[in-house]
Peer 1: 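First, the structure itself, so that you have it in front of you.
Every heavy atom of this structure was used, including side-chain atoms; hydrogens, water molecules and symmetry mates were not.
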Amino acid sequence: MSRLRHGTNRAVLLGVGAVLLVSGAALASATGLVRDRLPAHWPRLPAGRTWLDGEALGRWRDQGWWPALVIAALCVGVLLFLWWGWAQVRAGRLRELPLGQPGVTLSGSALAAAMAERAESVDGVARAQVTLLGRPRRLRARVTLVLAADGRPEAVLRDLARRAVAEVRAAAAPRSVEVDARLTVRQHKARRLR
C-alpha cells in the first residue's frame, strides 16, 4: 500500500510538472523575446496568436455564470492540493499505535524513546535516536546509532536486532516493523599541543 501510494504521488507530480512545463514552453514560444532564440526546427506558435479574441471574450462576459464557475473550480483545485499535501505530512511520524484493546493506544514518541533507550544499552553504542514513521498498520523505525570508540558494527547490529528490534516487533505485533539502521562514529576532538 505504501509503495503504491508513493508511486501514485510521484506519477501525479510528474504529470503536473509535465503539464506546467509544456504550458510554460508554449506561452514562452509565443512571445517575441523567447521566440527569436529558439532553434529554427522547433515548433512555434504563431506570433500574432490570441488565445481568446475580442468577440469570444465579449460572449463570455455576457454570461454571468462563468466567473463563479472558474472561481469555484480554482477553489476546489486548491483544496484538493492542500488535502493532498496534508496527507503527505500526516503520513510522516507515527503519533499513536492502537493496541489490542479498544480505546487503548501507545504513544509513538514513547515507543521511540523506549526503543532508543534499549538501543543505547547495547554494548558499543554511545547514543541512539529513533524515529517511528508510517501508519499504525505498517511501521518503519529509523534508528541512528553513534558508536563508541570500541564499538564493532557487526556486533552492535546483531545485538540491536536481538534486543530493541525484537521487542518493538513484539509490542507492535501483528503489524510489521521495518528498521532502517544508520551507524556513525563518535567524533573525537583533536587535542592541541603546545
Peer 1: Shortest non-hydrogen contact from Leu160 to Ala119?
Peer 2: CD1-CB, 3.6 Å

Peer 1: Evaluate the side-chain proximity of Thr131 to Arg140: yes if any heavy-atom separation is below 4.5 Å, no if none is.
Peer 2: no

Peer 1: Report yes if the side chains of Leu157 and Leu183 come closer than 4.5 Å at any heavy-atom pair, otherwise no.
Peer 2: yes

Peer 1: Minimum heavy-atom separation for Pro153 to Leu147, with atom names?
Peer 2: CG-CD1, 4.0 Å

Peer 1: Is the shortest side-chain heavy-atom distance between Leu145 and Gln129 below 4.5 Å?
Peer 2: no

Peer 1: Decide yes or no for Val185 and Val146: does some side-chain heavy atom of the first lie under 4.5 Å from some side-chain heavy atom of the second?
Peer 2: no

Peer 1: Between Val78 and Val16, is there shared hydrophobic-cluster membership here, with clusters defined by ILVMFWY side-chain heavy atoms closer than 4.5 Å?
Peer 2: no

Peer 1: Under 4.5 Å between any side-chain heavy atoms of Val165 and Val177, yes or no?
Peer 2: no

Peer 1: Less than 4.5 Å apart, side chain to side chain, heavy atoms only: is that true for Leu111 and Leu132?
Peer 2: yes

Peer 1: For the residue pair Arg142 and Leu133, establish whether any side-chain heavy-atom pair is separated by less than 4.5 Å.
Peer 2: yes

Peer 1: Using a 4.5 Å cut-off on heavy atoms from C-beta on, say whether the side chain of Val122 contacts that of Arg163.
Peer 2: yes

Peer 1: State plainly whether one hydrophobic cluster holds both Leu21 and Leu14, where clusters connect Ile, Leu, Val, Met, Phe, Trp and Tyr through side-chain heavy atoms under 4.5 angstrom apart.
Peer 2: no

Peer 1: Nearest 0.5 Å please: distance from the OG atom of Ser121 over to the CG atom of Asp159.
Peer 2: 9.0 Å

Peer 1: Can you pull the salt bridge (Lys or Arg N to Asp or Glu O under 4.0 Å) pairs that have at least one residue in residues 102-120, sequence neighbours excluded?
Peer 2: Arg118-Glu167

